[in-house]
Amino acid sequence: VVQADAERLPFPEDSFDVAIAVLSDRHWHDRSARLRELRRVARKRVVLFNASPDEASRFWLTRDYLPGFLDLISERYRTPGAWLTETSQALGDLQQIPVPIPHDCGDGFYGAFWRRPAAYLDPAVRAAISVFARLPPDHTRHGLQRLHDDLASGRCDHANQNLLQQTELHLGYYVFSADL
């Protein structure tokens, strides 16, 4: 394990067969530079697992309770296809594979609990999801209070009843793969 700045990885060119980034690029300050750095250290392929920013409003939690999450998305990525275009410019031709999220997903990322909404009320669950650290506390508190109230009244289940029987759901997550 090596801790390093993603813009200046301490490895020579072509050090690895594959370079991978998982749900991290939204935290990068200079995304293009970091994508180029992944490409520099990879011999064969660069793989990203990420949510497409222009599909963020697909998720009921964002749409109905935490719309401020959309304000965290850089203005330049709100245009459909802009994120993908920038990624392709840095990495080359991309294969884009949708990753539907299973209803019982064990990972703790933002979309993992889509069919278990009460999990988002758990502070331990929220502590592992960077979106909650980035949202203004008042926005989070207000949205979670509404979610709590809607769960207690049954409004949340009623509004999302079409999801209750689904075993997986596409929330805009993809594997993006570029062969070098």
Side-chain angles (χ1 to χ4, degrees), residues 1 3 6 20-29 31 34-35 47-84 86-87 94-177:
V1 175
Q3 184 174 352
I20 300 173
V22 177
L23 295 174
S24 61
D25 80 339
R26 67 181 161 273
H27 302 291
W28 299 348
H29 296 291
R31 185 170 181 277
R34 291 177 183 196
L35 288 170
V47 177
L48 306 174
F49 173 65
N50 206 64
S52 182
D54 58 355
E55 295 184 45
S57 62
R58 293 179 80 110
F59 189 20
W60 60 263
L61 182 64
T62 300
R63 184 188 62 238
D64 300 340
Y65 299 98
L66 299 172
F69 172 65
L70 299 174
D71 295 334
L72 299 176
I73 297 169
S74 173
E75 186 70 37
R76 72 180 193 245
Y77 299 136
R78 293 182 193 178
T79 302
W83 185 94
L84 190 58
E86 180 182 278
T87 306
L94 287 176
Q95 181 180 17
Q96 182 178 355
I97 305 164
V99 179
I101 307 305
H103 72 92
D104 58 352
C105 182
D107 195 316
F109 63 93
Y110 186 61
F113 305 100
W114 64 267
R115 207 174 93 177
R116 297 165 286 163
Y120 294 107
L121 301 177
D122 182 340
V125 167
R126 292 193 313 274
I129 300 173
S130 64
V131 169
F132 290 102
R134 296 179 66 209
L135 283 170
D138 286 344
H139 182 76
T140 301
R141 196 170 22 262
H142 175 73
L144 292 176
Q145 184 60 55
R146 286 185 46 239
L147 176 59
H148 175 272
D149 295 348
D150 287 355
L151 285 168
S153 72
R155 279 189 299 257
C156 184
D157 285 344
H158 179 70
N160 297 299
Q161 64 188 352
N162 62 321
L163 303 180
L164 298 177
Q165 303 306 315
Q166 293 186 40
T167 58
E168 60 184 27
L169 184 65
H170 179 59
L171 293 170
Y173 290 94
Y174 296 89
V175 168
F176 299 93
S177 178

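A quick note: this is a predicted structure, and the numbers were derived from the prediction, not measured.
- What you find for P117 and W60 is that their closest heavy atoms are CB-CH2, 3.3 Å.
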Quick one: do Y110 and F59 satisfy side chain to side chain contact (heavy atoms under 4.5 Å, CB included)? Show the steps, please. CA-CA 10 Å; Y110 186 61; F59 189 20; 3.5 Å; yes
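- For H139, there are no ring pair (Phe, Tyr, Trp, His ring centres under 6.0 Å) partners two or more places apart in sequence or in a different chain.
- Sequence neighbours left out, not one pair with a member in residues 125-135 passes salt bridge (charged side-chain N to carboxylate O under 4.0 Å, His left out).
- Residue R78 holds its CZ atom at 12.0 Å from CG of D54, rounded to the nearest 0.5 Å.
- In terms of the side chain to side chain contact (heavy atoms under 4.5 Å, CB included) criterion, residue partners of D25 (sequence neighbours excluded) are, by chain and number, W28, R31, N50, W83.
- Note: I73 CD1 to T62 OG1 = 8.0 Å, rounded to the nearest 0.5 Å.
- Applying the side-chain hydrogen bond (donor to acceptor under 3.5 Å, both in side chains) rule to R63 yields no partners; only residues at least two apart in sequence or on another chain are considered.
- Checked against salt bridge (Lys or Arg N to Asp or Glu O under 4.0 Å), R34 has the following partners two or more places apart in sequence or in another chain: D5, E7.
- Minimum heavy-atom separation, R58 to G172: CD-N, 3.9 Å.
- Heavy-atom contacts from other residues, nucleotides or ligands closer than 6.0 Å to NE2 of H142 number 12 or fewer.
- Atom CG in L164 sits 7.0 Å away from atom CZ in R115 (nearest 0.5 Å).
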Does the pair L66 and L147 meet the rule for a side chain to side chain contact (heavy atoms under 4.5 Å, CB included), with working shown? CA-CA 10 Å; L66 299 172; L147 176 59; over 6 Å; no
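- Residue H103 qualifies as enclosed at atom NE2: its count of foreign heavy atoms under 6.0 Å is above 12.
- The shortest side-chain heavy-atom distance between D150 and D64 does not fall under the 4.5 Å cut-off.
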List the steps and the verdict of side chain to side chain contact (heavy atoms under 4.5 Å, CB included) for V125 and F132. CA-CA 10 Å; V125 167; F132 290 102; over 6 Å; no
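- A salt bridge does not link R146 with D149: every distance from a Lys NZ or Arg NE/NH1/NH2 to an Asp or Glu carboxylate oxygen is 4.0 Å or more.
- F49 places a side-chain heavy atom less than 4.5 Å from the side chain of L23.
- For the atom pair CD (Q145) and OG1 (T140), the distance works out to 13.0 Å, reported to the nearest 0.5 Å.
- Ring-plane geometry between F176 and Y174 is classed as tilted, the angle between the planes lying from 30 to 60 degrees on a 0 to 90 degree scale.
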Show your working on side chain to side chain contact (heavy atoms under 4.5 Å, CB included) between L84 and S52 and close with a plain yes or no. CA-CA 8 Å; L84 190 58; S52 182; over 6 Å; no
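- For Q165, the CD atom is loosely surrounded, since the number of other residues' heavy atoms within 6.0 Å does not exceed 12.
- The CZ atom of F113 sits 7.5 Å away from the SG atom of C105 when rounded to the nearest 0.5 Å.
- Atom-to-atom distance recorded for L135:CG and S130:OG is 9.5 Å, nearest 0.5 angstrom.
- With Q166 contributing its side chain and N162 its backbone, the two residues share a donor-acceptor pair below 3.5 Å.
- Side chain of W114 to main chain of I101: a donor-acceptor pair is present (N/O by atom type, distance under 3.5 Å, no hydrogens or angles).
- Every residue meeting the side chain to side chain contact (heavy atoms under 4.5 Å, CB included) condition with D104, not counting sequence neighbours, appears here in chain and number order: P102.
- In this structure, Y120 and Y65 have side chains that are not in contact, with every pair of non-hydrogen atoms separated by 4.5 Å or more.
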